[in-house]
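The structure under discussion appears below in the form of structure tokens.
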Amino acid sequence: GEIMLLYHGTTEKRAEAIKAQTIKPGHISAWSCSDGDEYLYFWSPEDLLANGEADEPEYALTLALHYAIESAHIQAAMSDDPVSMLTILVYDVDPAYILPDDSCENMEGSGAVKVAEDAPRKLVATYQCRHNHRLDAFYVVGLLGNHHLTAMPDGLEEAAQAIRDADAYL
């Protein structure tokens with residue numbers, strides 16, 4: 001049947017649990033709006049094309065990868081684990097199992113989709129890169145005040161606020 005490639009960015013430790021299908025329903029996420037649900041969230045190049053964020057398939061793929069790695073950096077920054085590697089999982093998923101991301105008000109139509117954790121899917125690629133925890137505050141500074149973000153680890157919110165409030169240009 002028809003397939004769609006979907007991109008999920010996370011930490012190496014969580015990626016291993018996703019690949020082994022040992023993430024339990026109700027897993028903890030950096031996002032309170034998806035905590036406790038039974039879905040995995042992905043970036044979809046097809047949805048990025050459909051919503052007009054991308055006008056070419058190659059750019060839609062670039063955006064999906066960009067958003068997946070951004071998601072992974074946020075997950076790592078919000079984690080208490082001394083994570084050093086980020087992972088993008090690329091899955092082949094039958095479109096019949098793909099649902100719009102309606103986890104919170106700003107996600108529907110964003111290019112993000114959700115798939116039930118127990119839905120059939122085939123891992124087709126894994127990409128990894130290093131994460132630098134010294135930059136964590138920069139990864140989350142744009143999320144300050146987002147009521148869907150879970151509590152930040154000690155010191156992270158203060159560091160992000162200092163960056164936001166600094167009288168400097170980067």
About how many Å separate [atom2] of [Y] and [atom1] of [X], when rounded to the nearest 0.5 Å?
{"X": "Glu70", "Y": "Leu63", "atom1": "CD", "atom2": "CG", "value": "10.5 Å"}
{"X": "Met78", "Y": "His73", "atom1": "CE", "atom2": "NE2", "value": "15.5 Å"}
{"X": "Glu46", "Y": "Asn51", "atom1": "CD", "atom2": "CG", "value": "12.0 Å"}
{"X": "Met85", "Y": "Cys129", "atom1": "CE", "atom2": "SG", "value": "7.0 Å"}

Check whether any side-chain heavy atom of [X] lies under 4.5 Å from a side-chain heavy atom of [Y], and answer yes or no.
{"X": "His66", "Y": "Tyr7", "result": "no"}
{"X": "Leu123", "Y": "Lys19", "result": "yes"}
{"X": "Lys114", "Y": "Pro100", "result": "no"}
{"X": "Gln75", "Y": "Thr11", "result": "yes"}
{"X": "Thr126", "Y": "Ile88", "result": "no"}
{"X": "Gln161", "Y": "Leu144", "result": "yes"}

Locate the shortest heavy-atom distance separating [X] from [Y]; write the atom from each residue and the value.
{"X": "Val140", "Y": "Ala77", "value": "CG1-CB, 3.9 Å"}
{"X": "Ala68", "Y": "His8", "value": "CB-C, 4.2 Å"}
{"X": "Ile163", "Y": "Ala137", "value": "CD1-CB, 3.5 Å"}
{"X": "Ala60", "Y": "Pro45", "value": "CB-O, 3.4 Å"}
{"X": "Asp47", "Y": "Gly111", "value": "CB-CA, 3.9 Å"}
{"X": "Arg121", "Y": "Ala116", "value": "NH1-O, 4.2 Å"}

Quiz prompt | Identified side-chain contact (heavy atoms from CB on, under 4.5 Å) partner of Ile69 from the options Ile74, Leu86, Thr87 | solution =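 Between Ile69 and the candidates, side-chain contact (heavy atoms from CB on, under 4.5 Å) is satisfied uniquely by Leu86.
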Quiz item: Distance-only, no hydrogens or angles: does the Glu16 side chain make a donor-acceptor pair with backbone N or O of Lys13 under 3.5 Å?
Solution: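 No: the side chain of Glu16 does not pair with the backbone of Lys13.
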Quiz item: Between the side chain of Ser110 and the main-chain N/O of Met107, is any donor-acceptor distance below 3.5 Å?
Solution: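 A pair under 3.5 Å: yes.
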Self-check item: Donor-acceptor pair between Asp136 and His131 side chains, under 3.5 angstrom
Solution: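 Their side chains do contain a donor-acceptor pair, which is all the 3.5 Å distance test asks for.
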Quiz prompt | Working for side-chain contact (heavy atoms from CB on, under 4.5 Å), residues Leu6 and Val115 | solution = CA-CA 10 Å; Leu6 302 177; Val115 175; 3.9 Å; yes
Quiz item: What orientation do Tyr67 and Trp43 show, parallel under 30°, tilted 30 to 60°, or perpendicular over 60°?
Solution: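 Geometry flag for Trp43 against Tyr67: tilted rings.
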Quiz item: Transitively linked via ILVMFWY side-chain contacts under 4.5 Å: Leu49 with Tyr59?
Solution: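 Different clusters.
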Practice problem: Take Tyr39 and Val113 through the side-chain contact (heavy atoms from CB on, under 4.5 Å) test and state the conclusion after the steps. | Solution: CA-CA 10 Å; Tyr39 295 98; Val113 297; over 6 Å; no
Quiz item: More than 12 heavy atoms of other residues, nucleotides or ligands under 6.0 Å from CG of Asp154: is that the case?
Solution: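 Atom CG in Asp154 is not packed in, count stays at 12 or less.
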